[in-house]
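A quick write-up on the structure given underneath.
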Amino acid sequence: MTIVRTRFAPSPTGELHIGGVRTALFSWLTAKHAGGQFFVRFEDTDQDRYSAGSARNIIEQFKWLGIELDGGPDHKALQAMKTNEDTPDALDDGSYRGIPGPFVQSQRLDIYKAHAEQLVAAGKAYRCNESAEELSAMRAEAQAQGRTFMFKKSARLRTEIDPATPHVIRFDMPSSGQTVLDDMIRGKIVFENANLGDDVLLKSDGFPTYALAAMVDDHLMGVTHIIRSDEWLPSAPKHIAIIKAFGWDLPIFAHVPTVNGEDGKKLSKRHGATGIWQFRDQGYVQEAIINFLAMLGWAVGDGEEQNVFTVPELIQKFSLSRVGASPAVFSFPKLDWLNGVHIRQMPADDLAQRLLPFLAQAGLHIDSAEKLALLVRIVPYIQERIKKLTEAAGFIDFFFADVATPSHDMLIGPKMEQHLSLHALKASREVCANLAAFEDTPLEQAFRKLCDELKLKPNQVFSIIRNAVTGKTVTPPLFGTMAILGRDTVLARLDNAITVLSS
RNA sequence: GGUCCUAUCGUCUAGUGGCCUAGGACGAAGCCCUCUCAAGGCUUAAACACGGGUUCGAAUCCCGUUAGGAUCACCA
């Protein structure tokens with residue numbers, strides 16, 4: 001029984017795109033569902049595009065999302081692989097020490113070269129050294145003739161190449177017959193070999209191309225499922241041919257569709273956030289991002305109509321075969337809704353902790369145990385009112401800071417005159433001053449009684465009090481709010497309001 | 001242009017030949033609840049891209065058309 005092993009293999013060239021995160025999520029869920037392992041491997045074989053620090057950043061993003069990378073190499077080949085500890089880009093915060101990844105391809109050049117030579121020796125790959133100019137001339141000629149350019153062994157300009165001089169190694173792709181890809185998501189796809197050219201396996205700088213490096217590593221790591229973006233679909237038959245040339249077992253392939261913006265084009269900056277940190281900074285929680293991404297292109301099916309999932313539920317129910325083949329459009333309104341759902345499901349103290357950086361950004365520094373305790377008391381009142389963490393500050397700032405003095409107009413209740421509002425305000429003050437227990441329910445009872453006595457509607461009186469006490473028209477429930485603020489603060493703010501309205 | 005992929009409400013999807021006068025969710029509209037705002041409850045509008053087949057019967061199978069998309073590098 002082979003253990004399911006999946007991997008996410010980004011090229012560390014910058015920010016991790018949300019579409020890539022979804023692909024990684026599908027890979028992770030596939031592994032976890034089967035009790036298997038998930039790894040990240042960095043494909044940094046293009047020297048021109050390498051971005052230092054990006055690898056680390058990507059790992060941090062997985063960590064933040066709660067997508068854990070697996071350690072415990074129980075596979076000989078896996079152990080033989082070099083780890084991040086050998087790379088200049090090693091993570092130095094210690095949090096990933098002891099796990100066997102990320103794997104970095106630039107550290108493994110000798111391995112790829114040996115594999116390429118192995119294919120040359122077997123007559124399944126060959127050397128050639130056409131220059132970039134010669135190649136583009138060939139391309140131009142093909143185009144002039146209306147053909148699609150495709151390099152084949154027979155097109156070589158020189159056949160005798162000194163292995164000591166710069167050259168590339170190309171894979172000798174069979175030029176007849178068919179290659180069949182049995183994709184988990186798309187089913188069987190048949191490719192005519194005649195349409196496939198001979199790709200470079202090893203570049204003249206000694207670096208491998210994706211086709212070689214990825215196939216070699218996936219084999220050595222014991223990867224069972226190659227789950228990747230569907231832009232790889234056209235080159236999949238070449239990859240299959242390479243794997244076969246080595247005589248290795250074929251892994252399971254799954255090409256997942258892209259994530260598009262509202263206009264049907266691939267999601268990009270102009271659609272809004274695309275990077276994980278952007279989502280985090282906009283107040284989205286991990287649970288919602290993962291839930292949303294999972295549902296983008298995947299559904300439980302079998303008559304089940306569940307939309308809200310926890311990570312354990314996702315792991316239990318996820319199946320690659322139920323991922324749709326068509327591209328999905330990223331919907332921010334739906335993400336917002338899910339974010340609200342997951343916020344509501346959190347324990348109050350957990351939510352309070354997550355709110356901290358956002359409150360600090362709004363100038364509310366919860367810097368003492370007392371303030372934190374206060375925040376935890378407040379959280380249940382705003383929990384079902386916010387969709388994003390960024391919205392919290394606007395609801396609760398008056399608990400921690402003085403309210404702006406309400407304007408004269410704000411203190412006049414709906415369909416009321418100034419003198420009547422003032423009267424209600426003064427009466428309210430008396431209620432607050434004399435109430436035995438300054439708590440939620442007693443306050444509400446006392447104020448409803450007051451409404452009856454004044455022959456005013458609750459909404460009329462309550463809105464005056466709300467404005468006076470909080471300085472806002474939209475707040476958490478009034479009496480709970482007042483109870484938390486405390487009698488002294490409430491009386492002070494009512495007095496302040498009375499002064500304003502009297503003038 | 002060659003090759004390949006995709007096509008159900010605005011969006012995410014259920015649906016694998018009869019259970020479909022196509023179900024759910026988000027969003028929208030309305031109502032209820034209600035101290036504001038939310039949350040919650042109920043209701044409504046809203047889709048099988050088109051054309052041919054196959055079949056007693058097609059959203060489901062086949063072909064074509066159209067429309068999107070991917071890919072054709074010593075990038076991944």
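Since this is a predicted model, take the numbers as computed values, not measurements. Reminder, nothing fancy here: chain letters follow the sequence lines and each chain counts from 1. Keep in mind that the numbers below use all heavy atoms, side chains included, and drop hydrogens, waters and symmetry copies.
Applying the ring pair (Phe, Tyr, Trp, His ring centres under 6.0 Å) test to A/Trp337 and every residue at least two apart in sequence or in another chain returns nothing. Qualifying ring pair (Phe, Tyr, Trp, His ring centres under 6.0 Å) partners for A/Phe438, counting only residues two or more places apart in sequence or in other chains: none. In terms of the side-chain contact (heavy atoms from CB on, under 4.5 Å) criterion, A/Ala299 has no residue partners (sequence neighbours excluded). Shown here are the side-chain contact (heavy atoms from CB on, under 4.5 Å) partners of A/Ala437, two or more places apart in sequence or in another chain: A/Glu439, A/Pro442. With sequence neighbours excluded, the residues that form a side-chain contact (heavy atoms from CB on, under 4.5 Å) with A/Asp182 are A/Lys188. For the ring pair (Phe, Tyr, Trp, His ring centres under 6.0 Å) test, residues two or more places apart in sequence or in another chain that qualify with A/Phe330 are A/Phe279, A/Phe292, A/Phe332. Every ring pair (Phe, Tyr, Trp, His ring centres under 6.0 Å) that A/Tyr210 has, sequence neighbours left out, goes to A/Trp232, A/His239.
B/rU13 sits 13 Å from B/rC48 when the C1' atoms are compared, rounded to a whole Å. Spacing between B/rC9 and B/rG23 at atom P, rounded to whole Å, works out to 14 Å. Only the P atoms considered, B/rC5 is 27 Å distant from B/rA58, to the nearest whole Å.
No engagement by A/Gly324 is indicated, since no non-hydrogen atom pair under 4.0 Å with the nucleic acid exists. Counting non-hydrogen atoms under 4.0 angstrom, A/Leu478 reaches a base of the nucleic acid. Across all strands shown, A/Asp199 has no heavy atoms under 4.0 Å from either base or sugar-phosphate atoms. Among the heavy atoms of the strands, none lies under 4.0 Å from A/Gln306. Here A/Pro477 lies in heavy-atom contact (under 4.0 Å) with a base. Within the 4.0 angstrom heavy-atom criterion, no nucleotide atom of any strand lies near A/Pro257.
When Watson-Crick and G-U wobble pairs are counted only if both distances are under 3.5 Å, B/rC74 pairs with no nucleotide at all. Nucleotide B/rU21 forms no Watson-Crick or G-U wobble pair with any nucleotide shown, as no partner meets the under 3.5 Å limit on both distances. In this structure, B/rU16 makes no Watson-Crick or G-U wobble pair, since no nucleotide meets both defining distances under 3.5 angstrom. The partner of B/rA46 is absent, by the rule that a Watson-Crick or G-U pair needs both atom distances under 3.5 Å. A 3.5 Å limit on both hydrogen-bonding distances identifies B/rC32 as the Watson-Crick or G-U partner of B/rG40. Taking a pair to require two hydrogen-bonding distances under 3.5 Å in either a Watson-Crick or a G-U wobble arrangement, B/rG10 pairs with B/rC26. Under the Watson-Crick or G-U wobble criterion, with both distances below 3.5 Å, B/rU55 is left unpaired in every strand shown.
Salt-bridge check for A/Asp198 with A/Lys238: failed, with every basic side-chain N at 4.0 Å or more from each acidic carboxylate O. Taking 4.0 Å as the cut-off between side-chain N and carboxylate O, A/Arg7 and A/Asp218 count as a salt-bridged pair. Salt bridge status for A/Glu287 with A/Arg354: present, with a side-chain N to carboxylate O gap under 4.0 Å. The pair A/Asp302-A/Arg322 fails the salt-bridge criterion, with no side-chain N (NZ, NE, NH1 or NH2) lying under 4.0 Å from an Asp/Glu carboxylate O.
Side-chain atoms of A/Lys317 and A/Gln306 form a donor-acceptor pair, as typed in the model, at a separation below 3.5 Å. A donor atom on one side chain and an acceptor atom on the other are found under 3.5 Å apart for A/Thr179 and A/Asn193.
One can place CG of A/Leu181 at 11 Å from P of B/rU6, the figure rounded to the nearest angstrom. B/rC5 atom P lies 16 Å from atom CZ of A/Arg228, rounded to whole Å. If you measure from atom CZ of A/Arg344 to atom P of B/rA39, you get 6 Å, rounded to the nearest angstrom. Residue A/Tyr381 contributes atom OH, which lies 15 Å from atom C1' of B/rU36 at whole-angstrom precision. Regarding A/Asn291, its CG atom lies at a distance of 14 Å from the C1' atom of B/rU13, rounded to whole Å. Look at CD1 on A/Ile161: it is 15 Å from P on B/rC74, rounded to the nearest Å. Atom pair A/Lys457:NZ and B/rU34:C1' shows a separation of 14 Å (rounding to whole Å applied). Protein atom CG of A/Asp263 is 13 Å distant from nucleotide atom C1' of B/rU11, rounded to whole Å.
Put simply, the side chain of A/Arg186 and the base of B/rC5 share no donor and acceptor less than 3.5 Å apart.
Residue A/Val329 has its side chain nearest to B/rU11 when only B/rU36, B/rU6, B/rU11 are considered.
Distances shorter than 4.0 Å separate some side-chain N or O of A/Arg448 from OP1 or OP2 on B/rC35. Taking side-chain N and O atoms only, A/Arg322 has no distance below 4.0 Å to OP1 or OP2 of B/rU13. Taking 4.0 angstrom as the limit, A/Lys203 places a side-chain polar atom (N or O) nearer than this to OP1 or OP2 of B/rA76.
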Chi angles and distances behind the side-chain hydrogen bond (donor to acceptor under 3.5 Å, both in side chains) call for A/Gln105, A/Asp217: CA-CA 8 Å; A/Gln105 291 183 330; A/Asp217 281 347; 3.0 Å; yes

Working for salt bridge (charged side-chain N to carboxylate O under 4.0 Å, His left out), residues A/Arg139 and A/Glu141: CA-CA 5 Å; A/Arg139 235 183 295 277; A/Glu141 190 190 336; over 6 Å; no

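Residues from residues 462-473 of chain A that place a heavy atom under 4.0 Å from any atom of RNA chain B, listed by number: A/Phe462, A/Arg466, A/Thr473. At a non-hydrogen distance threshold of 4.0 Å, nothing from residues 388-396 of chain A comes into contact with RNA chain B.
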Within the sub-3.5 Å range, which N or O atoms of nucleotides 58-67 of chain B have a protein N or O partner, and how far apart are they?
none

When you compare the protein's N or O atoms with those of nucleotides 71-73 of chain B, which come within less than 3.5 Å of each other, and at what distance?
unit_1, atom_1, unit_2, atom_2, d
B/rU71, OP1, A/Glu231, OE1, 3.4
B/rA73, OP2, A/Arg139, NH1, 3.2

Dump the pairs, protein N or O against N or O of nucleotides 25-28 of chain B, anything under 3.5 Å, distances to one decimal.
unit_1, atom_1, unit_2, atom_2, d
B/rA25, O4', A/Asn307, ND2, 2.8
B/rA25, N3, A/Lys334, NZ, 3.2
B/rC26, O2', A/Lys334, N, 3.4

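Residues A/Phe8 and A/Phe39 keep their aromatic ring centres 6.0 Å or farther apart. Taking the six-membered ring wherever Trp is involved, the centroid distance between the rings of A/Trp298 and A/Phe318 falls below 6.0 Å.
Residues A/Leu181 and A/Phe191 come closest through the heavy atom pair CB-CE1, 4.1 Å. Between A/Met173 and A/Lys152, the shortest heavy-atom contact is O-NZ, 3.1 Å.
Each of A/Asn195 and A/Thr258 was assigned the nucleotide of RNA chain B with the nearest heavy atom; the assignment lying further toward the 5' end belongs to A/Asn195. Looking at which nucleotide of RNA chain B each of A/Cys128 and A/Gly301 is closest to, the 5′-most match is held by A/Gly301.
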